[in-house]
There are 2 protein chains.
Amino acid sequence: MSVNDLGDGELATSSLLNQLIESLQCLPGVGPKSAQRMAFHLLQRNRGGAKSLSDVLNRAVDEIGHCKNCRIFTEQESCPICQDASRIRTTICVVENPADVFMLEKSTDYKGLYFVLMGSLSPLDGIGPQELGLPILEKRLAEEAVEELILATNSTVEGEVTAHVLSEMAGRQGIKTTRLAQGVPVGGELEFVDQNTIAQAFAGRKTY
Amino acid sequence: MSVNDLGDGELATSSLLNQLIESLQCLPGVGPKSAQRMAFHLLQRNRGGAKSLSDVLNRAVDEIGHCKNCRIFTEQESCPICQDASRIRTTICVVENPADVFMLEKSTDYKGLYFVLMGSLSPLDGIGPQELGLPILEKRLAEEAVEELILATNSTVEGEVTAHVLSEMAGRQGIKTTRLAQGVPVGGELEFVDQNTIAQAFAGRKTY
């Protein structure tokens, strides 16, 4: 292979290195330049780390699946939160992503269960109720003694639409739904808060 | 494990996921937050990419070594550039990193050989002549018919010191050394060029 045949970001001396640079670009936010820097760094300074990353990545892809109850990532059939006998089983909090569970666990003292949609309704991208596992949730609502469904989907258009669909589903079974409060972020200055948020916060003002 | 025992960036439901997030942080520029985003992205949207990254990474660490002549990364004993019969063997260009070879190949029509130091002299960090492979280079200078050693180390303090040591080594064998020109970057405005560069460019001015 002549050196001049090479595309952007390719080094002539090792096709395996080029493959590595290419493969690293499957990571979000990593382009050709960062991938090259990562490849050189790993080969030059941290072959042990690279080896163990390779092992863990391989095992993670093979072993990590979704909890059969709440769809969160876990290598067990049912996740530790669902198995935890101390959690209150009458409340289910629905979130879009596993990272949201983690944020709620860190920020609140919520002791109920979760349901992770792994996305939000987006018919144009082919993400419908089936992809979000809504039949599983519907079955849980029918079979378990759920009293409250907390709609903690994102405050985006897709998140609101998803929340609406979820609230209709819960309504059919006579289950109460609640939605996270919208308003001014804590520590936020009114001057820099967007108009929609101000409008929501104003409309939702409470007795002081 | 209770959820409250978790540190920053850990999710309670999968210890393997936590290991993956930890392992991803061996990549340069990747902290806990990005690692978490990467792990979720790979598991949620690109398990195929993750699998092949794991494979390539594993093979790269096992197979990619250094060319015995020029120390560049290659999975062969001697790299394609060193093996290429059309390259001019009387010139060796010394660079600090493999990425520099790649930049020179892209930007110039240089047809000689290379030598990659894999760093620059930095006695405080324990990087001396041995670590940079200078004995290998010295042997090449003694045994091959080298006429010119191009010092293309970085224009930093360490790079300059390294260039100085290299030029002394070449001088002992009566080999001519050249150094990349210093001056105003092409397209640069004088107003925004730093004082040292201006001084070097002024002192090194050429007949127009």
Just checking A/D194: does its CG atom have more than 12 heavy atoms from other residues, nucleotides or ligands closer to it than 6.0 angstrom? yes

Less than 3.5 Å apart, which donor and acceptor atoms pair up between the side chains of residues 39-49 of chain B and the rest of the protein, not counting sequence neighbours?
unit_1, atom_1, unit_2, atom_2, d
B/N46, OD1, B/G49, N, 2.8
B/R47, NE, B/L43, O, 2.9
B/R47, NH1, A/V61, O, 3.1
B/R47, NH1, A/I64, O, 2.8
B/R47, NH2, A/I64, O, 2.9

When only pairs under 4.5 Å are counted, which of [options] shares the most heavy-atom pairs with chain A?
| options | value |
| --- | --- |
| B/Q25, B/M118, B/H66, B/Q76 | B/M118 |
| B/N58, B/D62, B/D55, B/L24 | B/N58 |
| B/L20, B/L53, B/V56, B/T74 | B/L53 |
| B/L57, B/V30, B/N97 | B/L57 |
| B/C79, B/S34, B/A60 | B/A60 |

Could you tell me whether a side-chain N or O of A/T108 sits under 3.5 Å from a main-chain N or O of A/L104, the two making a donor and an acceptor?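 Pair found, side chain donor or acceptor close to backbone of A/L104.
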
Could you note down all residue pairs passing ring-ring contact (aromatic ring centres under 6.0 Å, His included) where residues 113-169 of chain A supplies at least one of them, sequence neighbours left out?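 Passing the test, one end in residues 113-169 of chain A: A/Y110-A/Y114.
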
Any side-chain donor near an acceptor of the partner, B/T156 and B/N154, under 3.5 Å: no

